[in-house]
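First the structure, in the form of structure tokens, and then the observations on it.
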Amino acid sequence: MSGLHAVQTGSGRLAGKVAIVTGAASGFGLACTKKFVEEGAKVVAADMNAEGLQKAFSSNSQYDQHVHTLTANVTVQGDWEKMVDAAVSKFGGLDILVNNAGTSYKNKPTLEVTEAEFDKVMSVNVKSIFLSVPAAIPAMKQRGGGSIINIASIGAMRPRPGLVWYNASKAAVANATKGLAAEFGKDQIRVNALCPLLSGTGLFEQFVGVPYNEENMKKFLFNVPLGRLTDPGDVANMCAFLGSDEGKFITGVNLEVDGGRAVGA
Ligand SMILES: NC(=O)c1ccc[n+]([C@@H]2O[C@H](COP(=O)([O-])OP(=O)(O)OC[C@H]3O[C@@H](n4cnc5c(N)ncnc54)[C@H](O)[C@@H]3O)[C@@H](O)[C@H]2O)c1
Ligand SMILES: *[C@@H]1O[C@H](CO)[C@@H](O)[C@H](O)[C@H]1NC(C)=O
Ligand SMILES: *[C@@H]1O[C@H](CO)[C@@H](O)[C@H](O)[C@H]1NC(C)=O
Ligand SMILES: *[C@@H]1O[C@H](CO)[C@@H](O)[C@H](O)[C@H]1NC(C)=O
């Protein structure tokens, strides 16, 4: 795998930094965790899917010294204490938090969305960030600053029929990102959000109603200027930039990672 060199030498753009990544067992969170390790960070990789975490990290000794896996549910306050405690006790502090864990209900007419589906989407996508703030901010203050990266969605910017409450949950994330950036700038804590386009991850079928494969994927390319969907690596790269000191003057930004999709009609 690429990046072995950075791991072995402990160099890299995130050398000396400690991160928490939620939803780390799959998709964007997995790519982000791998990228962070390549760039020299230590990572608490959290997910409610214990088996997925095991599969992703435990079989590869490359991660032994760099990744601490933790089964955690981002909607549970006590699990946030566990995540931050792990960052501090295993790796000495907390510099970067990637609020990536997210969920959706299946794309369908809005009149068919149930109260339970609404509650789940708001809880996993929005309440998680509410809970993360009091857990992470004190630890970041101890380090003299930090970087919080929330994974929103291009749907936050460009609502369309069908996923109204998913997109509304991401709009809440995008808005809270700006408010948090304004409030915690004085502590040198930066808060930004990424707004990715559709990607072939675990959520693909929920979003578009058909399984991920080459043929189905191609149906969603015609209105993307760069002509492809989001690769998890695209998100991971932006997380590394915003988590590193290269991003030290960037806060309160909702960054489209969408190949130009939001530009067009
Ligand atoms: N895939 C896309 O098309 C797309 C586009 C824009 C934004 N996003 C957002 O990106 C983020 C990552 O999604 P993904 O596409 O990688 O999906 P994914 O399903 O591949 O991964 C999500 C991970 O989050 C974990 N998770 C879900 N609920 C959790 C909870 N309560 N506590 C802890 N972990 C939990 C899952 O177990 C899974 O491992 C989400 O916030 C999603 O809304 C995805
Ligand atoms: C996560 O926590 C919520 C309560 O906030 C609960 O309803 C849900 O079942 C939990 N999920 C898992 C997989 O533990
Ligand atoms: C949510 O956003 C996505 C991406 O723009 C879009 O495809 C989907 O239909 C949207 N749904 C709603 C209701 O906003
Ligand atoms: C989000 O909040 C800001 C204030 O922080 C407000 O000015 C803005 O209109 C809000 N935007 C949306 C889309 O809700």
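Both counts, for ligands and for their atoms, begin at 1 and track the order of listing.
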Practice problem: Check step by step if salt bridge (Lys or Arg N to Asp or Glu O under 4.0 Å) holds for K108 and E117. | Solution: CA-CA 12 Å; K108 60 182 172 179; E117 287 170 331; 2.9 Å; yes

Practice problem: Show your working on salt bridge (Lys or Arg N to Asp or Glu O under 4.0 Å) between K127 and D119 and close with a plain yes or no. | Solution: CA-CA 10 Å; K127 189 182 180 189; D119 284 344; over 6 Å; no

Short N or O separations between ligand 4 and the protein, below 3.5 Å:
| residue | atom | partner | partner atom | Å |
| --- | --- | --- | --- | --- |
| ligand 4 | 2 (O) | N175 | OD1 | 2.8 |
| ligand 4 | 2 (O) | N175 | ND2 | 2.6 |
| ligand 4 | 11 (N) | N175 | ND2 | 2.7 |
| ligand 4 | 14 (O) | N175 | ND2 | 2.9 |

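Using a 4.5 Å heavy-atom cutoff, the side chains of I189 and I148 are in contact. Counting only heavy atoms from C-beta outward, the side chains of R13 and K35 approach each other to under 4.5 Å. Under the 4.5 Å side-chain criterion, counting only non-hydrogen atoms from C-beta, I20 is not in contact with V43. For the pair N192 and N254, the minimum side-chain heavy-atom distance is 4.5 Å or more.
Panel note: side chain N125, backbone K170; no donor-acceptor pair is recorded below 3.5 Å.
Near M48, meaning under 4.0 Å from any of its heavy atoms, are these atoms of ligand 2: 13 (C). Every atom of ligand 2 is numbered from 1 in the order shown, and the set under 4.0 Å from a heavy atom of T75 is 1 (C), 2 (O), 3 (C), 4 (C), 5 (O). Atoms of ligand 2 lying under 4.0 Å from at least one heavy atom of V76, given by number and element, are 2 (O).
Ion pair D79/K82 flagged as a salt bridge, since at least one NZ, NE, NH1 or NH2 atom sits closer than 4.0 Å to an Asp/Glu carboxylate oxygen.
With a 4.0 Å cut-off on non-hydrogen atoms, N73 touches ligand 2 through its side chain and not its backbone.
For CD of Q206, the number of neighbouring non-hydrogen atoms (other residues, nucleotides, ligands) closer than 6.0 Å is greater than 12.
Checked against D95 for a salt bridge (charged side-chain N to carboxylate O under 4.0 Å, His left out), the options R143, K17, K42, K141 give a single hit: R143.
Cluster membership check: M122 shares its hydrophobic cluster with V164, using side-chain heavy-atom separations under 4.5 Å among Ile, Leu, Val, Met, Phe, Trp and Tyr.
When heavy-atom distances to ligand 1 are checked against 4.0 Å, the residues falling inside are G23, A25, S26, G27, F28, D47, M48, N49, A72, N73, V74, N100, A101, G102, V124, I151, A152, S153, Y166, K170, P196, L197, L198, S199, T201, G202, L203, F207, ordered by chain and number.
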